[in-house]
K.L.:
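The structure is given below, and queries will be raised subsequently.
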Amino acid sequence: MRSTFLGFNAARSGLFAAQRALDITGHNIANVNTKGYTRQRLEQAASIPMPLPGGQGMLGTGVSTLAIKQLRSEFLDFKYRDEANSEGYWEAKRDGLHFIESIMNEPSDTGITTVIDQLFASFQQLSKPENADNLTTRALVRQNAITFTNSINHMYDQLENLVRNYNSDVVNIVSSINGHAEQIARLNEQIFRYEVDGSNANDLRDQRNLLIDELSKYVSVEVLEVADSNDHNLGGGAHVGRKMVLQINGQPLVYHNKAYKLDTDIKEKSQFFEDIGVDLEINTVRWESGSALNVSGIDGELKALLNLRDGSSGSNKGIPYYIERLNHFTQVFAEEINKIHSQGYGLDGNDGYLFFTANGVSSEAARDEGAPRITAKNISVALDIEDLNKIAAATEKDLLPGDGSNALKLANTRDNLGMFSEGKPEDFLKSLISNLGVDTQEAMRNAANQAILTAQVDMERQRISGVGQDEELSNMIRFQHAYNASARMITTMDEMLDVIINRVGLVGR
């Protein structure tokens, strides 16, 4: 039989449901500008009805609130992190190649090609008979040569310093990855503890998801939720007994409340720089346990920084690649100039002088066994050339002092198509700068495309998860009306009972 107060219970449940929905709406509105916040909704269902006798049907008993759920798409979360990971990679690569372009400084009026042109122009001036024994012209040749070597040295030094800078960036970004992993591990513990009774720790999950979003820009991570071994002892709930695992290349970065950090404390000599005679140490990235990190599939900003710092060939054209190309140009160019110059004669009547040496030593010292090879780092004008009379402008000793035919040979090397596989010196530099430009344009294009893709996925994600003020205000009015209606229902039931209790049976008294 129906209880006299059944209507009160139904109205009371509606009152409490509307009040709870209003609380959630207020929480959404308060967090409309909170980064990473996911809007929440109250899930509710009709209470268990009461059967009426005689097969008359089921009488409703009100509403039950089931859970406070987030409106979130796991697929869009995965998609966003994948796009953000690519965006982080291409943005870091784009910025790195921009730095290399600024160091190369080509084409420009102050770049290396201009300096080389000035050197060849001074050789051309020296080749004229009236200038062959002119000390002012010879001084101009030496000064332009010094400008050339200083430019090459400076370019190399800037590239080497850029490697050191990116090494520091690698250390910093690994520190950021570890910091995010620690925070996620702490949140995992809190979420697990708060959800043990079947609740949903929505706001904590928002904080964790935001950290994972940020982490995905640094490195590619796989997000898993695995069943706890004690799951069968716990109550209901979608997330009860589930533990989160973050993996990099199949190795856990976070396993529930434990963070497995990356380590950059170990420094090793760079094999590339050691091969060219430079003592430069870089920080290796490995797991804190000491096991190696497979960097081939980590992607993201960390992968781009490692490629820029270490890449020397193939698709990973980093700073070492451009240093190697600069060294190749310097060595071949210096060898060609030295070969011609050493066959000519200076005003002192002697031959065999080198024009360029490593570290500016004399020709004799440069020919000693064990002397370093000329590189972009150490190329200098030979010590002998401090004496202007030793600049070998003449081809034959007997033609001194007015012969400039050897200087003409030096000037003509600018058109030597067989000097490099790309052609003459100018062609080599143009090819190098063009390749750099193509790589930079690719990085710029991909970074721009990825930024658009990431924004589009995020926009779609916000369409589902983001708080819309207009929608929340509409909900607020809707729930307010529901609350008022339930309150009015209680008033009506109260008036009905008042009639039964206080008025029935009073007629005739």
Side-chain angles (χ1 to χ4, degrees), residues 88-108 111-113 149-174 218-219 264 266-285 293 295-296 298-333 373-379 420 422 428-444 446-447:
Y89 173 84
W90 286 111
E91 284 184 347
K93 185 171 183 178
R94 174 201 63 195
D95 295 342
L97 293 176
H98 271 314
F99 279 124
I100 298 174
E101 275 193 326
S102 64
I103 291 172
M104 294 294 184
N105 194 27
E106 290 289 347
S108 73
I112 189 64
T113 54
T149 57
N150 286 345
S151 297
I152 294 287
N153 297 156
H154 181 63
M155 192 180 297
Y156 171 85
D157 290 340
Q158 286 182 305
L159 289 172
E160 184 180 310
N161 287 334
L162 197 56
V163 170
R164 299 180 193 276
N165 292 339
Y166 278 120
N167 186 61
S168 298
D169 288 344
V170 168
V171 174
N172 292 336
I173 204 169
V174 167
Y218 300 146
V219 66
T264 56
I266 298 177
K267 282 191 171 185
E268 295 180 353
K269 288 187 177 182
S270 167
Q271 187 62 51
F272 170 82
F273 283 96
E274 191 170 16
D275 291 342
I276 63 174
V278 178
D279 186 12
L280 190 149
E281 289 186 329
I282 57 174
N283 296 77
T284 60
V285 182
L293 172 68
V295 299
S296 61
I298 61 173
D299 296 327
E301 191 174 341
L302 178 59
K303 177 68 174 295
L305 293 177
L306 289 172
N307 285 348
L308 286 167
R309 187 193 69 176
D310 304 331
S312 58
S313 62
S315 60
N316 300 327
K317 294 178 184 176
I319 301 167
Y321 171 81
Y322 292 99
I323 289 178
E324 188 278 328
R325 292 282 81 198
L326 187 62
N327 280 341
H328 177 68
F329 171 80
T330 304
Q331 289 164 2
V332 173
F333 184 83
R373 292 188 64 189
I374 292 177
T375 65
K377 181 181 178 65
N378 62 29
I379 185 173
F420 299 96
E422 295 82 359
F428 179 94
L429 293 173
K430 284 182 177 179
S431 175
L432 179 62
I433 300 304
S434 296
N435 288 333
L436 174 59
V438 169
D439 290 342
T440 304
Q441 287 295 323
E442 178 194 25
M444 291 173 61
N446 287 336

K.L.:
Is it the case that Ser108 and Asn105 place a side-chain donor and acceptor less than 3.5 Å from each other?
P.N.:
yes
K.L.:
Nearest 0.5 Å, what's the CG-OG distance between Asn283 and Ser270?
P.N.:
12.0 Å
K.L.:
Nearest 0.5 angstrom please: Lys430 NZ to Asn435 CG, how far?
P.N.:
14.0 Å
K.L.:
For Ser312 and Tyr321, indicate whether the former's side chain and the latter's backbone hold a donor-acceptor pair under 3.5 Å.
P.N.:
no
K.L.:
Determine the interplanar angle of the Tyr166 and Phe99 rings, folded into 0 to 90°, and report it as parallel if under 30°, tilted if 30 to 60°, perpendicular if over 60°.
P.N.:
perpendicular
K.L.:
With side chain to side chain contact (heavy atoms under 4.5 Å, CB included) as the test, would you mind laying out the steps for Phe272 and Glu324 before giving the verdict?
P.N.:
CA-CA 9 Å; Phe272 170 82; Glu324 188 278 328; 4.0 Å; yes
K.L.:
Does a donor on one side chain sit under 3.5 Å from an acceptor on the other, for Glu106 and Thr113?
P.N.:
yes
K.L.:
Check the pair Leu97, Leu436 against side chain to side chain contact (heavy atoms under 4.5 Å, CB included), reporting the backbone distance first and the verdict last.
P.N.:
CA-CA 7 Å; Leu97 293 176; Leu436 174 59; 4.0 Å; yes
K.L.:
Which atom names give the shortest non-hydrogen contact between Tyr322 and Lys317, and what distance separates them?
P.N.:
CE1-O, 4.0 Å
K.L.:
When you measure from the side chain of Asn378 to the backbone of Arg373, do you find a donor-acceptor pair of N or O atoms at a distance under 3.5 Å?
P.N.:
yes
K.L.:
Can any side-chain N or O of Asp95 pair as donor or acceptor with the backbone N or O of Ala92 at less than 3.5 Å?
P.N.:
no
K.L.:
Would you call Asn446 and Tyr89 a side-chain contact if the rule is heavy atoms closer than 4.5 Å?
P.N.:
no
K.L.:
Where do Glu160 and Val278 land on the side chain to side chain contact (heavy atoms under 4.5 Å, CB included) test, with the steps shown first?
P.N.:
CA-CA 10 Å; Glu160 184 180 310; Val278 178; 3.7 Å; yes
K.L.:
What pair of heavy atoms forms the shortest contact from Gly96 to Leu308, and how long is it?
P.N.:
CA-CD1, 3.7 Å
K.L.:
Using a cut-off of 6.0 Å, state whether more than 12 heavy atoms not belonging to His98 lie near its atom NE2.
P.N.:
yes
K.L.:
Which label fits Phe273 and Tyr156: parallel for a plane angle under 30°, tilted from 30 to 60°, or perpendicular past 60°?
P.N.:
perpendicular
K.L.:
State whether the side chain of Asn161 and the backbone N or O of Asp157 hold a donor-acceptor pair below 3.5 Å, judged by distance alone.
P.N.:
yes
K.L.:
With distance as the sole test, does Asn167 use its side chain to make a donor-acceptor pair with the main-chain N or O of Ile282 at under 3.5 Å?
P.N.:
no
K.L.:
For the backbone of Ser296 and the side chain of Lys303, can you confirm whether one donor and one acceptor N or O come within less than 3.5 Å of each other?
P.N.:
yes
K.L.:
Report the distance from atom CG of Leu326 to atom CD1 of Ile323, rounding to the nearest 0.5 Å.
P.N.:
8.0 Å
K.L.:
Could you check whether any side-chain heavy atom of Ile379 comes within less than 4.5 Å of a side-chain heavy atom of Asn153, counting everything from C-beta outward?
P.N.:
yes
K.L.:
Of all heavy-atom pairs between Asn327 and Ala376, which one has the smallest distance, and what is that distance?
P.N.:
OD1-N, 2.9 Å
K.L.:
If you define the side chain from C-beta out and look only at heavy atoms, does anything of Leu280 sit under 4.5 Å from Arg164?
P.N.:
yes
K.L.:
Under a 3.5 Å distance rule, please check whether Asn307 uses its side chain to pair with a backbone N or O of Asn316 as donor and acceptor.
P.N.:
no
K.L.:
Minimum heavy-atom separation for Leu159 and Ile319, please, with both atom names.
P.N.:
O-CG2, 3.4 Å
K.L.:
Take Phe420 and Phe329, measure what ring-ring contact (aromatic ring centres under 6.0 Å, His included) needs, and give me the verdict at the end.
P.N.:
CA-CA 8 Å; Phe420 299 96; Phe329 171 80; 5.5 Å; yes
K.L.:
Are Glu91 and Glu301 packed together at the side-chain level, in the sense that at least one heavy-atom pair is separated by less than 4.5 angstrom?
P.N.:
no
K.L.:
Please check if any side-chain donor atom of Gln271 sits under 3.5 Å from a side-chain acceptor atom of Asp275, or the reverse.
P.N.:
yes
K.L.:
Let me confirm one number: the CD1-CD1 distance from Ile103 to Ile112, rounded to the nearest 0.5 Å.
P.N.:
13.5 Å
K.L.:
Please tell me if the side chains of Arg309 and Val170 come closer than 4.5 Å, counting only heavy atoms from C-beta onward.
P.N.:
yes
K.L.:
Enter the distance from Ile100:CD1 to Met104:CE here, rounded to the nearest 0.5 Å.
P.N.:
7.0 Å
K.L.:
Does a side-chain heavy-atom distance below 4.5 Å link Thr330 with Thr375?
P.N.:
no
K.L.:
Side chains of Tyr218 and Ile173, heavy atoms from C-beta outward: is any pair under 4.5 Å?
P.N.:
yes
K.L.:
Would you mind reporting whether Glu268 and Glu281 have side-chain heavy atoms less than 4.5 Å apart?
P.N.:
no
K.L.:
Hey, could you give me the CD1/CD1 distance between Ile374 and Ile152, rounded to the nearest 0.5 Å?
P.N.:
11.5 Å
